[in-house]
Amino acid sequence: MCKPRLYYGWIVVAIGFLTMMLTMGIFFSSGVLFAAITAEHGWSRASASLPFSVALITYAGTAWLAGRLFDRYGPRWLFPMGALCLGVGLIVSARMHAPWQLCLSWGLLVAQGYNLAGFAPHLALAALWFSRRRGIATGMMLSGASVGALVIVPTAQYLVNAYGWRLAYTLLGTAAMVCLVPLNAIWQYHKPADLGLHPDGVATPPTKLHPPSSGSSAAPWTLWRAMGTRRFWWLFVLVCGLGWSSNIVSVHQIAYMISSGFPSLLAASIVGLLSLFRAASSTVCGGLSDRFGREVIFSLGTLLACIGLILLELLRQPAPVWLLYGYALTYGVGNGVFASAYAAATADLFLGPSLGTILGVLELGWGLGGFAGSWFGGYWYDRWGSYHGVFALTIGVSLLSCMAMWLAAPRHLRQDRHDRPPDF
């Protein structure tokens with residue numbers, strides 16, 4: 001039998017990219033829905049934001065279950081279920097008339113679509129198909145989320161403006177099910193062994209998939225065994241910091257730019273430009289982490305992100321517009337490093353049959369940090385009357401995440417990164 005020209009793992013990555021683009025793009029469009037429902041119903045900001053807070057808590061609290069289901073049933077069952085939850089949740093949300101109803105439809109159903117077909121299962125999937133090219137494969141898959149923010153969010157806004165938010169989200173829900181259910185049910189696969197292949201497409205399996213740490217047994221990693229290590233808890237600290245940083249910025253950056261005297265259209269354009277830089281960085285820096293190590297590239301991303309936060313902190317009215325473009329470049333590139341490097345590091349440390357469950361439990365840290373960060377940004381503004389100072393504090397949180405990456409030390413357990421990578 002002739003060796004195929006293209007390793008099927010790259011098709012898995014492409015399907016994952018499209019799934020993440022639609023799933024995460026729709027989830028990121030919550031700001032469009034938030035503005036539409038407050039304009040139509042006149043709800044308070046607190047009442048209107050409640051369904052989205054419930055969604056974040058639901059996601060964080062059940063991410064471990066999505067990882068567990070991925071480990072047991074694989075993506076061909078899990079991802080179509082996620083697409084169905086997402087689609088049905090959007091269609092039901094389009095018929096709601098009260099905040100508590102949206103808490104059930106968006107806060108539970110849509111959140112589970114994000115959960116079952118979102119970050120943690122896709123991170124585990126990339127790790128199973130790739131070893132030496134794990135970083136670049138993870139980065140390419142995750143870049144779909146950034147492209148989704150760049151493409152789906154403006155599309156959602158166009159549909160809302162043209163047809164109203166109820167029809168717009170009915171159309172988005174239908175599109176999610178029609179596109180993602182057959183795509184994943186037919187062409188997605190759990191492991192290379194399902195097709196008689198080995199990770200990276202090599203002709204023979206590697207002798208070691210994950211070298212155990214010194215003094216440990218060769219038993220496969222389970223959730224409880226991983227939780228008994230310091231490395232797991234350093235990764236938990238890391239992902240809490242990532243959740244804080246990403247959410248305090250994403251929730252408050254546009255309001256901060258507008259309060260600093262910039263037009264709302266320019267602020268939205270800067271966020272779109274940032275998403276573009278983040279998508280490119282996720283792929284490129286994921287590959288660089290395969291070559292130079294997770295810690296080194298994560299540190300580079302932290303440096304760039306901190307420079308971006310400094311530029312954001314320097315905004316004063318009036319402020320030069322180059323600060324915004326400098327922020328979009330540095331923070332976008334820096335932020336794009338984090339997810340791919342962190343996910344690849346987790347796989348380096350805990351690769352095994354429970355990787356999806358382990359990643360899911362770590363996502364609880366992202367949700368807790370994200371909830372705290374988004375709330376703290378609003379509290380800071382209410383307490384001091386401006387956002388000045390809160391992004392400087394976030395620099396400290398970013399540095400804490402970087403320190404946690406070094407203390408988790410995936411470099412000690414990686415395979416020899418100087419091995420020649422396989423051909424496509």
Practice item. Answer yes if the side chains of Trp244 and Ser401 hold a donor-acceptor pair under 3.5 Å, and no otherwise. Key: no
Check your understanding: So, Asn335 side chain and Ser246 main chain: donor-acceptor pair closer than 3.5 Å or not?
Key -> no
Exercise for review: Just say parallel, tilted or perpendicular for the rings of Tyr331 and Tyr327, cut-offs at 30° and 60°.
Suggested key: parallel
Check your understanding: Do Leu349 and Thr229 have side-chain heavy atoms sitting under 4.5 Å apart?
Key -> no
Point to revise | Verdict with supporting geometry, Asp290 and Arg132, side chain to side chain contact (heavy atoms under 4.5 Å, CB included) | key: CA-CA 7 Å; Asp290 290 331; Arg132 283 175 285 183; over 6 Å; no
Practice item. Check Met177 against Pro182 and note the closest heavy-atom contact, atom names and distance. Key: O-CD, 3.7 Å
Review point. Within the distance-only criterion (no hydrogens, no angle test), does the side chain of Ser275 pair as donor or acceptor with the backbone N or O of Val271 below 3.5 angstrom?
Key: yes
Exercise for review: Taking atom types as modelled, find out whether Arg95 and Thr170 have a side-chain donor-acceptor pair closer than 3.5 angstrom.
Suggested key: yes
Exercise for review: For side chain to side chain contact (heavy atoms under 4.5 Å, CB included), just list the numbers for Tyr73 and His190, CA-CA rounded to whole Å, side-chain angles, deciding distance to a tenth of an Å, and then say yes or no.
Suggested key: CA-CA 8 Å; Tyr73 298 106; His190 192 185; over 6 Å; no
Point to revise | Check: Trp129 side chain, Val13 main-chain N or O, donor-acceptor pair, under 3.5 Å | key: no
Check your understanding: What's the spacing between Arg133 CZ and Thr138 OG1 if we round to 0.5 Å?
Key -> 13.5 Å
Check your understanding: Nearest 0.5 Å, what's the CZ-CG distance between Arg134 and Asp348?
Key -> 5.0 Å
Practice item. Decide yes or no on side chain to side chain contact (heavy atoms under 4.5 Å, CB included) for Leu123 and Thr346, but give the supporting numbers first. Key: CA-CA 9 Å; Leu123 299 180; Thr346 305; over 6 Å; no
Practice item. Could you tell me whether the side chain of Gln101 and the main chain of Met96 form a donor-acceptor pair under 3.5 Å? Key: no
Exercise for review: Test Leu309 against Val249 for side chain to side chain contact (heavy atoms under 4.5 Å, CB included), laying out the working first.
Suggested key: CA-CA 9 Å; Leu309 290 171; Val249 169; 3.9 Å; yes
Practice item. Tell me whether the centres of the aromatic rings in Tyr59 and Phe27 are closer together than 6.0 Å. Key: no
Point to revise | Ring geometry between Phe236 and Phe232 (parallel below 30°, tilted from 30 to 60°, perpendicular above 60°) | key: parallel
Point to revise | Beyond-backbone contact of Leu311 with Trp322, side-chain heavy atoms, under 4.5 angstrom | key: yes
Revision key, fill the gap. For Ala117 and His122, the nearest pair of non-hydrogen atoms, with its separation, is O-CE1, 3.3 Å
Check your understanding: Given Arg294, which of Ser340, Ser289, Ser299 fulfils the side chain to side chain donor-acceptor pair (under 3.5 Å) condition?
Key -> Ser289
Review point. Given side chains that start at C-beta, do those of Thr330 and Phe277 come closer than 4.5 Å, heavy atoms only?
Key: no
Practice item. Say whether, by atom type as modelled, one donor and one acceptor occur between the side chain of Tyr114 and the main chain of Ala55 under 3.5 angstrom. Key: no
Review point. Within a strict 4.5 Å, meaning less than it, do heavy atoms of the Ile270 and Phe262 side chains meet?
Key: no
Point to revise | Over 12 foreign heavy atoms within 6.0 Å of CZ, Phe376 | key: yes
Exercise for review: Could you check if a side-chain atom of Leu315 sits within less than 4.5 angstrom of a side-chain atom of Leu324, using non-hydrogen atoms only?
Suggested key: yes
Point to revise | Spacing of Trp187 atom CH2 and Arg76 atom CZ [to the nearest 0.5 Å] | key: 10.5 Å
Point to revise | Test item: Arg231 and Phe350 side chains (from C-beta on) under 4.5 Å apart, heavy atoms | key: yes
Practice item. Keeping the roles fixed (side chain from Trp64, backbone from Ile358), state whether a donor-acceptor pair exists under 3.5 Å. Key: no
Review point. How long is the span from the CZ atom in Phe338 to the CG atom in Leu242, to the nearest 0.5 Å?
Key: 6.5 Å
Practice item. For residues Trp106 and Val54, determine if any side-chain heavy atom of one lies less than 4.5 Å from a side-chain heavy atom of the other. Key: no
Exercise for review: Determine yes or no for a side-chain-to-main-chain donor-acceptor pair under 3.5 angstrom, with Asn115 supplying the side chain and Ala111 the backbone.
Suggested key: no
Practice item. Just say parallel, tilted or perpendicular for the rings of Phe79 and Phe70, cut-offs at 30° and 60°. Key: parallel
Practice item. Please name the pair of heavy atoms, one in Ala279 and one in Val147, separated by the smallest distance, quoted to 0.1 Å. Key: CB-CG2, 4.0 Å
Point to revise | Pairwise distance CE(Met21) to CG(Leu18) - rounded to 0.5 angstrom | key: 5.5 Å
Check your understanding: Taking all non-hydrogen atoms of both residues, which atom of Leu86 and which atom of Thr23 are closest, and how far apart?
Key -> CD2-CA, 4.0 Å
Exercise for review: Quick one: closest heavy-atom pair of Ala127 and Leu355, and the distance?
Suggested key: CB-CD2, 3.4 Å
Review point. Where the side chain of Tyr342 meets the backbone of Met405, is there a donor-acceptor pair that is under 3.5 Å apart?
Key: no
Check your understanding: Roughly how far, to the nearest 0.5 Å, is the CD1 atom of Ile248 from the OG1 atom of Thr394?
Key -> 4.0 Å
Check your understanding: Do Arg68 and Thr357 have side-chain N/O donor and acceptor atoms under 3.5 Å apart?
Key -> no
Check your understanding: Are any non-hydrogen side-chain atoms of Tyr256 and Val390 less than 4.5 angstrom apart?
Key -> no
Check your understanding: With no hydrogens and no angle check, is any side-chain donor or acceptor of Ser354 less than 3.5 Å from a backbone partner on Thr222?
Key -> no
Practice item. Check for a donor-acceptor pair, side chain of Ser282 on one end and backbone N or O of Arg278 on the other, with a separation under 3.5 Å. Key: no
Review point. Shortest non-hydrogen contact from Phe130 to Ala137?
Key: CD1-CB, 3.4 Å
